[in-house]
Amino acid sequence: MRLQYSKLLALAALLGVAAPLVAQQQSTMKPEETEVWEPVPKVVTPGADNTAPPSDAIVLFDGKNEDEWVYAKDKAPAQWKVADGILTVVKDGKGNIETKKTFKDYQLHVEWRIPANITGSGQARGNSGIFLASTGEGDAGYELQVLDAYNNKTYVNGMAGSLYKQAIPLANPARKPGEWETYDIVWTAPRFNEDGSLKTPAYATVFFNGVLVENHFELQGETRFIGKPFYKAYDRAPIKLQAHGDKSEPLSFRNIWVRELN
């Protein structure tokens with residue numbers, strides 16, 4: 001007991017001396033000693049509004065064509081429906097489409113719409129997905145769920161705004177079918193050691209219609225429909241849009257752009 005008390009006295013004395021020393025050092029500093037002037041951030045011209053691509057963005061779909069997209073299965077040119085500035089999923093068995101370009105860390109903007117005449121329920125009502133890193137054919141990768149979430153009950157780690165079967169969204173700001181929804185995403189890709197083991201995990205931040213629904217969430221690995229997620233080593237990867245096999249009417253996308261983050 002005496003030893004503990006003596007230690008407390010010593011600690012108190014140390015703190016009593018240290019605090020005035022720090023205060024004294026601060027009082028002798030000049031403002032410019034804590035000013036940082038370089039490196040100077042690059043100038044980025046913002047879009048006309050917060051949904052328009054800024055000057056350094058790579059436009060992945062501008063309403064005109066699918067030049068930036070291929071089928072994930074065979075890398076053939078994508079042939080979903082393009083009309084009136086909108087890209088609509090085609091459920092013809094050819095499957096998902098992904099970007100020609102590959103990415104690591106980025107900021108992504110995607111607008112999507114469940115059709116007003118949507119039918120079905122649960123996971124069979126406007127199902128699709130945005131794979132933030134496509135690591136293979138089919139549904140291989142890291143999926144942000146797209147689904148009708150307006151009065152449509154389903155498991156909460158599979159609703160719109162979820163990182164599928166990993167992260168429940170913090171809120172449900174979904175609009176009615178027929179209205180446009182917006183995702184703004186910040187993706188930090190996982191890093192791997194030379195032997196393929198995980199060095200640092202993936203993180204995702206998601207704003208759904210301007211509402212934060214995923215806050216720098218740490219993923220446990222790639223999306224798995226059955227079983228637990230796990231990591232597989234990769235370096236850079238395309239972004240993928242899912243042509244889900246549910247029988248409901250196909251949904252649409254527009255105004256897709258990405259900013260690579262260094």
Side-chain angles (χ1 to χ4, degrees), residues 47-118 126-148 160 164 177-187 189 206 208 223 234-261:
D49 56 48
N50 289 338
T51 66
S55 61
D56 64 343
I58 299 169
V59 177
L60 299 175
F61 180 70
D62 63 0
K64 297 176 182 177
N65 56 60
E66 298 169 88
D67 289 354
E68 294 291 333
W69 300 86
V70 295
Y71 284 108
K73 185 176 182 180
D74 58 9
K75 312 308 177 191
Q79 294 182 344
W80 285 5
K81 181 181 177 181
V82 178
D84 301 321
I86 297 169
L87 176 66
T88 300
V89 178
V90 174
K91 299 183 180 183
D92 59 359
K94 293 183 180 179
N96 305 334
I97 64 173
E98 66 183 20
T99 57
K100 292 179 179 178
K101 294 182 176 69
T102 59
F103 303 95
K104 206 157 196 175
D105 303 337
Y106 59 76
Q107 172 190 345
L108 176 66
H109 177 89
V110 182
E111 298 173 23
W112 52 277
R113 182 179 67 184
I114 303 294
N117 64 337
I118 192 71
N127 199 327
S128 183
I130 300 166
F131 285 78
L132 307 178
S134 172
T135 57
E137 296 181 14
D139 295 339
Y142 302 78
E143 183 185 5
L144 170 61
Q145 177 71 310
V146 172
L147 188 74
D148 181 16
Y164 189 75
E179 299 182 10
W180 284 99
E181 316 267 21
T182 300
Y183 277 157
D184 287 289
I185 304 148
V186 178
W187 171 251
V206 181
F208 183 3
T223 298
Y234 78 96
D235 184 27
R236 297 173 63 86
I239 297 165
K240 182 164 58 186
L241 303 180
Q242 185 185 48
H244 194 271
D246 72 282
K247 303 302 181 183
S248 65
E249 293 73 13
L251 64 134
S252 301
F253 297 91
R254 71 177 185 187
N255 193 21
I256 306 174
W257 50 264
V258 63
R259 294 181 63 245
E260 295 190 88
L261 304 176

Can you confirm whether [X] sits close enough to [Y] that some side-chain heavy atom of one is under 4.5 Å from a side-chain heavy atom of the other?
X	Y	answer
Asn127	Gln145	yes
Val90	Gln79	no
Val110	Ile239	no
Val70	Pro77	no
Val258	Leu60	yes
Pro53	Asn255	yes
Leu241	Trp69	yes
Phe103	Leu108	no

I need the [X] [atom1] to [Y] [atom2] distance, nearest 0.5 Å.
X	Y	atom1	atom2	result
Tyr106	Glu260	OH	CD	10.5 Å
Asn96	Ile130	CG	CD1	12.0 Å
Thr51	Arg254	OG1	CZ	7.5 Å
Ile185	Phe208	CD1	CZ	11.0 Å
Tyr183	Leu144	OH	CG	4.5 Å
Leu132	Lys240	CG	NZ	11.0 Å

Minimum heavy-atom distance [X]-[Y], with the two atoms named:
X	Y	result
Ile114	Gly126	CD1-O, 3.5 Å
Val82	Gly63	CG1-O, 3.8 Å
Trp112	Ala160	CH2-CB, 4.2 Å
Ala189	Tyr234	CB-OH, 3.7 Å
Gly95	Trp80	O-NE1, 3.6 Å
Pro177	Pro115	CB-O, 3.5 Å

Excluding sequence neighbours, so at least two apart, what forms ring-ring contact (aromatic ring centres under 6.0 Å, His included) with [X]?
X	value
Trp257	His109
Tyr71	none
Tyr142	Trp187

Using modelled atom types only, decide if a donor and an acceptor are shared between the side chain of [X] and the backbone of [Y] within a distance under 3.5 Å.
X	Y	answer
Ser128	Gln242	yes
Thr223	Glu143	yes
Arg236	Thr102	yes

Residues in salt bridge (charged side-chain N to carboxylate O under 4.0 Å, His left out) contact with Lys101, at least two apart in sequence or another chain: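 Checked Lys101 against salt bridge (charged side-chain N to carboxylate O under 4.0 Å, His left out); matches are Glu68.
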Partners passing salt bridge (charged side-chain N to carboxylate O under 4.0 Å, His left out) against Arg113 (at least two apart in sequence or in another chain): none
Pairs touching residues 87-99 that satisfy salt bridge (Lys or Arg N to Asp or Glu O under 4.0 Å), sequence neighbours left out: Lys75-Glu98, Lys91-Asp246
CG (Asn65) with more than 12 external heavy atoms under 6.0 Å: yes
CG (Asp84) with more than 12 external heavy atoms under 6.0 Å: no
Pair Leu261-Val186, side-chain contact (heavy atoms from CB on, under 4.5 Å): steps then yes or no: CA-CA 9 Å; Leu261 304 176; Val186 178; 4.2 Å; yes
